[in-house]
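Structure first, then comments.
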Amino acid sequence: MDVSSILEAQKAKLQSVLVEKETPLEVDAGHLMVCDINPIDEESYNENLEDHLQNLARDGIQVLIGNLFSLPITKSPDGPLAQLPTSVYQLPRAKPLPKPKPPTKWESFAAAKGISHRTRDRKEWDEERQEWVNRWGKDGRNKQAEEQWLTPVPHNADADYNPQLVARKERKERTAKNEKQRLANIARASGTSASSSRKDEIDRTLATTRTSTASLGRFDKKLEGEKKLRGVKRKFEPTEISTANEQKANLNLIARMDSDARKMRKDPRAEEPVLNARKAIRSASKGKGSAALAGASGRNSSKGKGGKGRR
Amino acid sequence: MLRVIKPRNARSKRAMEAREPKEVEDPRTVIFVKGTHTGETLNAVFKDLMALKRPHGIGFNKKNPIHPFDPSTPGSSSSSSVSSLEFWSAKNDASMFVVGQTTKKRPNGMTFVRMFNGRVLDMIEVGVEGYKAMSEFKTPKSTPGNKPLLHFASDLFDTHPRFIHLKSMLLDFFNGEEVDSISLLGLEHVISISVGPTPASLNDATSTNLLSSSTAESTHANPLAAVASASFIESSSPSAATAALPKVHIRTYTTKFLASGVRTPRVELVPMGPSLDLALRRFQPPDADLLKQAMRRPKLKKADVESGLGKKRKNVELDEMGDLRGRVHVGKQDLSKLKGRKMKGLQEERPRKKQRSDEEDDEEEDEE
């Protein structure tokens, strides 16, 4: 059997797909990019630019297509999908890398204990109703104790014991606790503890109240061990600073002056009249406005004694 | 600077979250800004580039007094043009600009501005010298939003810092979404970027002092670093150097796959338009610090590393049963510490005690 003719035919077929260049083309399949680093042929460039460019592009794209068609393929309803490798050529990012989220107290505890995360369904199976119901929210399962028609009451309960109310209170407390823990997690993540900021707040309030009497706290009774109230110490810049710092400070000042013309009183401001017409009208009309004033004066002139209450 | 707004409802919260930094980024949104004067050509170029960039392009209709290359005023840290760009970037969540401006000195100038983290990273100005609109080609067009095949042809894109810079910029401009798989039937259009023949003067320059220090491999992985670090000869005489640079030709084609008898089809190209001939003008290389931040890559996930993503997987292979088999190199064995079978004769001689006389030793040896 002579296979040479078949081989020849196959070779001819391959010929139409093969591209031969001095330096092999670099393909970056991740970006669908092909780079041809062979020097440009000046003759064909000058002869017919468009044809030259099209031929150049065709050769490059043929190599790229050959590379893409040889990638591992998965089937999909839209046709074959080629799995692209990661791109080699690196482009700068548009935004910095995302910062990792700080773990919550529970997450760090779970990590230390090796507890794996488990997602809980939003719905729960209700045996009585034979259907899936919300765990919380509208018709939530967590409100079952409040809504059932019959509730056991403990023996030693008070006369006004309301089981529905108690269940509701418990549920609300759970929510409040969760919210508190959430806020504490946020505070921990931001680096300031809730207690220290609260202490500062109390200190500030105390300082304000101590100077809030008529004598600014001079004749108040002092508690034992109470510290003297300290004011803010004024601080001055040293008279000699490095020229670089001085220049920076001055430039800063100039920049700030540029920013707000009104604050810097650059343009002569429109003269404000001594009489504030709006306020005058308001006061004269007893807050009823200029229209009321005009109406009242017109009526007064025509009728003399006003028909008070006859509007 | 924009106000930092706390989202008040779920919709605005989702919108804010969509703008937060992501590990795998969305394609760059490009804003097309008209300068104080844009001619007919530039307007048409913008229209066509927008068509190629759709749906990730935003067009500004009004004129804006934007001159990105103007030196910054001494009072403030950045020029007003740059601060406007930064403002627009934050407002529109866009990280690339194309600014058009035509003047007598620099007719039909387009400036590509790339941003990182709301700040200007680098800029390239090109002049449009030849242009043929997409509408002038009466040929089928590609689907909007389709990922193009990119073709760069010239040795300059690997050697000359100006062209390395341009390649990175244009790749970023035309490159769409980062995808891990692509439909082979959807390879519709091609953007080919090539350069005129390299002039002899440039040939010498590239061989002698440009990028001679950096190895080819490092330029491939992080090409812009070379641009930032390369000391440009152009900076001394910008006009003379840019005049010597060859033109850049951007052509767009649609693909036609012909049956070839083998798996790979034969590709034919049909011009689609637009076609642009560009001349390089002013530029601003990326700031080295900012670039270093911009080039940071996310750490690969464990699953990805195991599948061999990102790195060459060594000494690990799947056998026929689908089991992962690894080979471990245990280091060279120190044979001197090898404990063999204990035999008195092979033991080293102990240091002799002084109390013993020589005779006793002799006797012992005899016994053995």
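Keep in mind that this is a model prediction, so the values were computed, not measured. All chains are named by letter (A, B, ...) in the order of the sequence lines, taking the proteins before the strands, and each is independently numbered beginning at 1.
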Practice task
Counting only heavy atoms closer than 4.5 Å, note whether B:S192 contacts chain A via side chain, backbone, both or neither.
Solution key: side chain
Practice task
Check whether any side-chain heavy atom of B:E268 lies under 4.5 Å from a side-chain heavy atom of A:R58, and answer yes or no.
Solution key: yes
Practice task
Inspect the surroundings of NZ in A:K21 and state if more than 12 heavy atoms from other residues, nucleotides or ligands are less than 6.0 Å away.
Solution key: yes
Practice task
Test B:H151 against A:V34 for side chain to side chain contact (heavy atoms under 4.5 Å, CB included), laying out the working first.
Solution key: CA-CA 5 Å; B:H151 172 243; A:V34 59; 3.6 Å; yes
Problem - A:Q62 side chain vs B:P265 backbone, donor-acceptor pair below 3.5 Å - result: yes
Practice task
Using a strict cut-off of less than 4.0 Å between a Lys/Arg side-chain nitrogen and an Asp/Glu carboxylate oxygen, indicate whether B:D26 and A:K95 qualify as a salt bridge.
Solution key: no
Practice task
Measure distances from B:D172 to the heavy atoms of chain A and classify the residue's part below 4.5 Å as side chain, backbone, both or neither.
Solution key: both
Completion exercise
Taken to the nearest 0.5 Å, the spacing of B:I193 CD1 from A:L56 CG works out to 12.0 Å
Handout entry: Options B:Q293, B:R119, B:K147, ranked by heavy-atom pairs under 4.5 Å with chain A, top entry
Key = B:K147
Exercise for the section: Check the surroundings of atom CD in A:E237: do more than 12 heavy atoms from other residues, nucleotides or ligands lie under 6.0 Å from it? Expected result: no
Problem - Side chain B:R296, main chain A:R93, donor-acceptor under 3.5 Å - result: no
Practice task
Could you have a look at B:P286, B:G118, B:G196, B:S194 and say which one has the most heavy-atom pairs with chain A under 4.5 angstrom?
Solution key: B:G196
Fill in the blank from the handout: In terms of heavy-atom contacts, B:P197 and A:I40 come closest through CA-CB, 3.9 Å
Exercise for the section: Sort A:L49 into side chain, backbone, both or neither according to what part of it lies under 4.5 angstrom from a heavy atom of chain B. Expected result: side chain
Handout entry: Residue A:L68 versus chain B: region with a heavy atom under 4.5 Å
Key = both
Problem - Greatest number of heavy atom pairs closer than 4.5 Å to chain A - which of B:V262, B:I191, B:L258 - result: B:V262
Problem - Euclidean distance, A:E26 CD relative to B:D158 CG, rounded to 0.5 Å - result: 5.5 Å
Exercise for the section: Tell me, out of A:G60, A:A82, A:S87, who's got the most heavy-atom pairs with chain B below 4.5 Å. Expected result: A:A82
Problem - Euclidean distance, A:Y45 OH relative to B:K247 NZ, rounded to 0.5 Å - result: 6.5 Å
Practice task
Check for a donor-acceptor pair, side chain of B:R263 on one end and backbone N or O of A:F69 on the other, with a separation under 3.5 Å.
Solution key: yes
Practice task
Kindly determine whether A:L91 and B:S168 satisfy side chain to side chain contact (heavy atoms under 4.5 Å, CB included), including the steps that lead there.
Solution key: CA-CA 7 Å; A:L91 288 169; B:S168 168; 3.9 Å; yes
Practice task
Measure from the ring center of A:H31 to the ring center of B:F152 and say whether it is less than 6.0 Å.
Solution key: no
Completion exercise
Whatever's closer than 4.5 Å to a heavy atom in chain A on B:L187 counts as side chain
Exercise for the section: May I ask you to test the B:F116-A:P92 pair for a side-chain heavy-atom distance under 4.5 Å? Expected result: no
Exercise for the section: For chain B, find which of A:N38, A:I73, A:L97 contributes the most heavy-atom pairs closer than 4.5 angstrom. Expected result: A:L97
Practice task
Would you sort out whether A:I61 and B:V267 count as a side chain to side chain contact (heavy atoms under 4.5 Å, CB included), showing the intermediate values?
Solution key: CA-CA 7 Å; A:I61 295 303; B:V267 184; 3.9 Å; yes
Problem - B:F157/A:I37 under side chain to side chain contact (heavy atoms under 4.5 Å, CB included): CA gap, chis, key distance, verdict - result: CA-CA 8 Å; B:F157 283 125; A:I37 55 165; over 6 Å; no
Handout entry: From A:D28 atom CG to B:L150 atom CG, the distance as rounded to the nearest 0.5 Å
Key = 10.0 Å
Exercise for the section: Compare all side-chain heavy atoms of A:D36 with those of B:S154 and state whether any distance is below 4.5 angstrom. Expected result: no
Handout entry: Closest-packed option against chain A by number of heavy-atom pairs under 4.5 Å, given B:S95, B:A153, B:P148
Key = B:A153
Exercise for the section: For atom CD of B:E17, decide whether the heavy atoms of other residues, nucleotides or ligands shown that lie under 6.0 angstrom number more than 12. Expected result: yes
Fill in the blank from the handout: Between B:I164 and A:Y89, the two heavy atoms sitting closest are O-OH, 3.9 Å
Practice task
Using a cut-off of 6.0 Å, state whether more than 12 heavy atoms not belonging to B:R297 lie near its atom CZ.
Solution key: yes
Problem - chain A contact via B:L121 - which portion, at a heavy-atom distance below 4.5 Å - result: side chain
Completion exercise
Max heavy-atom pairs within cutoff under 4.5 Å with chain B, candidates A:L53, A:L71, A:V17, goes to A:L53
Exercise for the section: Would you mind checking which part of B:V195 comes under 4.5 Å of any heavy atom in chain A, side chain (CB onward), backbone (N, CA, C, O), both or neither? Expected result: backbone
Fill in the blank from the handout: Separation between OG1 (A:T23) and CG (B:D155), nearest 0.5 Å, reads 8.5 Å
Handout entry: Contact check, side chains of B:K22 and A:P98, non-hydrogen atoms, under 4.5 Å
Key = no
Practice task
Answer whether the closest heavy-atom distance between the side chains of A:I65 and B:L184 falls below 4.5 Å.
Solution key: no
